[in-house]
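First up is the structure itself, then whatever we jot down about it.
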Amino acid sequence: MFAVCVRRWNGGRRRSDADCYDNSTIFIPHCPRGTFMKGYNFAYLDEQTKRMIRRALLKAVAIPGHQVPFGSREMPLPYGWGTGGIQVTASVLGRDDTLKVIDQGADDTTNAVSIRQFFARTAGVRTTTHTGEATVIQTRHRIPEETLRENQIIVYQVPQPEPLYRLEPSRVETKRMHALADYGLMHVKLYEDVARLGQISISYDYPVMVNNRYLMSPSPIPAFDNPKMNRMPALQLFGAGREKRIYAIPPWTEVRSLDFDDHPFRPINAHQACGLCGATDSYKDEVITDDLGGRMFVCSDTDHCEQRRAATVQRHGPARPGHRAVSGPSDETGDDGSGAPRHGEAATP
Amino acid sequence: MNIGLEAGFADPVPDAQRCFRAVLDAMAHPGRIAHAAGVTAPYPLGTAAAAVVLTLVDHETPLWLDSDAATARQWIEFHCGAPVVADPAACGFALALALPDLRRLPAGSHESPETSATVICQVASFDTGTAYRLSGPGLREPAVLTVQDLPRDFVSIWRRNHALFPRGIDLILCAGDRLTALPRTVAIEEV
């Protein structure tokens, strides 16, 4: 997927102490783990930039689903790696917040680890991998399985905020289409899918109508997650850094996936139980486990999967190899299984 | 030389962040009362109105003041650096001690509804006065907000504003150290 680039400033000296961390994609001066970095403003951005983003966020909340332009700044990581989400998070984050960052549902992937550590260092905030403990969740391409609650904020990283982009490349035109709520083009695209393929062939970034007015890109979350957006108790904020747009969905707002009466919206998921926790109702990733064609389906949401496995262990004791777990349909319930693709990362301070 | 100017936020970075989250919380849950603190407000502003101005207004946002709020003009200009405009139609923010005529303020365009004005209006109280029933995005079920000091025909004023959607004015109400918000999406009727 992505090349992992380790770019850590260390004053030109080699470091070998334990507080170094790996896989950093963000260029920030080194500082010992758990300490708050000096020399930058709280949460990296300067106050004037935060004010500008905050004003855009308030307008975005007042006009659900409408893309508000903002002066996206250069961040210490490239566009396309979550700069929009980071700027939104930096503008809402306070000292009392607890931050969770996920990338494709996982807390332990490069981007998630880097962004979490970025804020642990530049803002000194508490971080967590547990969905329930977080007050702010920054996400790339997933919504956690655990139902979000009121007073949580979820920040989506958005590569392309314009849902009509692939149908009409001109911003001038799409702006006018949004102004007139003229979304016929998208309905034609869905109709052509049905006519040619017998079904709507969008599996992620599935367009939604927000508050019955604006057509909106939900960011490249799987269509499986779309229903979670509808009347979600948490506040949903979207940041597109390269495209310089912010948009939002207030809590309890109606979000409807586009469809037809005779071809209703259907979320797509693998027809498999999770190979680690046995969950059938969560979104799965297919993981190649060896070079002999071995593969397994596992929960994309690592926190959800770990909590389910921990609960199983508590009820029945640790799973022994070769022993079938009582509650799971799969042979592999422990996280000791060969080829288990994920392991949890302990909450960072 | 003592020019008699009150200070701004005691601790600008966290104070502004807390105030912003209070406003965001209120904008996301219309009618929800939030608290603001951290500033010694200049006469005639309350803590909340002063904090909201410090949090959101700066040199990029033309500000219109009604005749009462203009008493605090020196303080605002010093701390925010905001250009104060005489024409309400040219403002990004309006600060007022009585609800201004919303039709004189920019409501944004259909293509860029975010260019509309935000009105920061100081009222007497959220404990007594007229009760309004609010419904719309952000509200699980209709909520009731009590405000003293809004015009008698506020419901019909707001109906006109609400009908402009996606254009329209957003309102931040402040009373003492408390604040709430009414985004353009909220529908209001008298209880």
Under 4.5 Å from a heavy atom of chain A, the part of Leu139(B) involved: backbone
Region of Leu54(B) in contact with chain A, defined by heavy-atom distances below 4.5 Å: backbone
Chain B shares the most heavy-atom pairs under 4.5 Å, among Val92(A), Thr253(A), Leu235(A), with Val92(A)
State whether Arg55(A) and Asp58(B) are salt-bridged, where the test is any N-O pair (Lys NZ or Arg NE/NH1/NH2 against Asp/Glu carboxylate O) under 4.0 Å. yes
Look at Arg176(A), Arg54(A), Lys175(A) and state which one has the largest set of heavy-atom pairs under 4.5 Å with chain B. Arg54(A)
Answer yes when Arg171(A) and Glu162(A) have at least one side-chain N-carboxylate O distance shorter than 4.0 Å, and no when they do not. yes
Residue from Glu150(A), Met177(A), Glu254(A) scoring the most non-hydrogen pairs under 4.5 Å with chain B is Glu150(A)
Below 4.5 Å from any heavy atom of chain B, which atoms of Asp46(A) appear? Answer side chain, backbone, both or neither. neither
In terms of side-chain heavy atoms, does Gln236(A) have a donor or acceptor partner in Tyr156(A) at a distance below 3.5 Å? yes
With chain A, which of Thr118(B), Thr115(B), Asp25(B) has the greatest number of heavy-atom pairs at distances under 4.5 Å? Thr118(B)
Let's test your reading of the structure: which of His110(B), Met27(B), Glu111(B) forms the most heavy-atom pairs below 4.5 Å with chain A? Glu111(B)
Electrostatic pair Asp15(B)-Arg18(B), nearest N-O below 4.0 angstrom: yes
Closest-packed option against chain B by number of heavy-atom pairs under 4.5 Å, given Leu180(A), Ile249(A), Val61(A), Val210(A): Val61(A)
Which portion of Val186(B) sits near chain A, non-hydrogen atoms under 4.5 angstrom: neither
Does the pair Asp225(A)/Arg142(A) count as a salt bridge with the N-to-O cut at 4.0 Å? yes
So which of Pro12(B), Gly138(B), Pro183(B) has the largest heavy-atom pair count under 4.5 angstrom toward chain A? Gly138(B)
Relative to chain A, which segment of Arg21(B) carries a heavy atom at a distance below 4.5 Å: side chain, backbone, both, or neither? side chain
Selection from Arg184(B), Arg140(B), Arg167(B) maximising heavy-atom pairs under 4.5 Å formed with chain A: Arg140(B)
May I ask you to check whether Glu114(B) and His66(A) show a side-chain donor-acceptor distance below 3.5 Å? yes
Note: vs chain A, highest number of non-hydrogen pairs under 4.5 angstrom among Pro113(B), Ser112(B), Ser116(B), Gly136(B) is Pro113(B)
Whether the Gln87(A) and Ser72(A) side chains hold a donor-acceptor pair (N or O, under 3.5 Å, no angle test) is what I'd like checked. yes
Note: Arg51(A)-Glu47(A) ion pair, threshold 4.0 Å (strictly below): no
Pi-cation contact, Phe238(A) with Arg245(A) (under 6.0 Å, within 45°): no
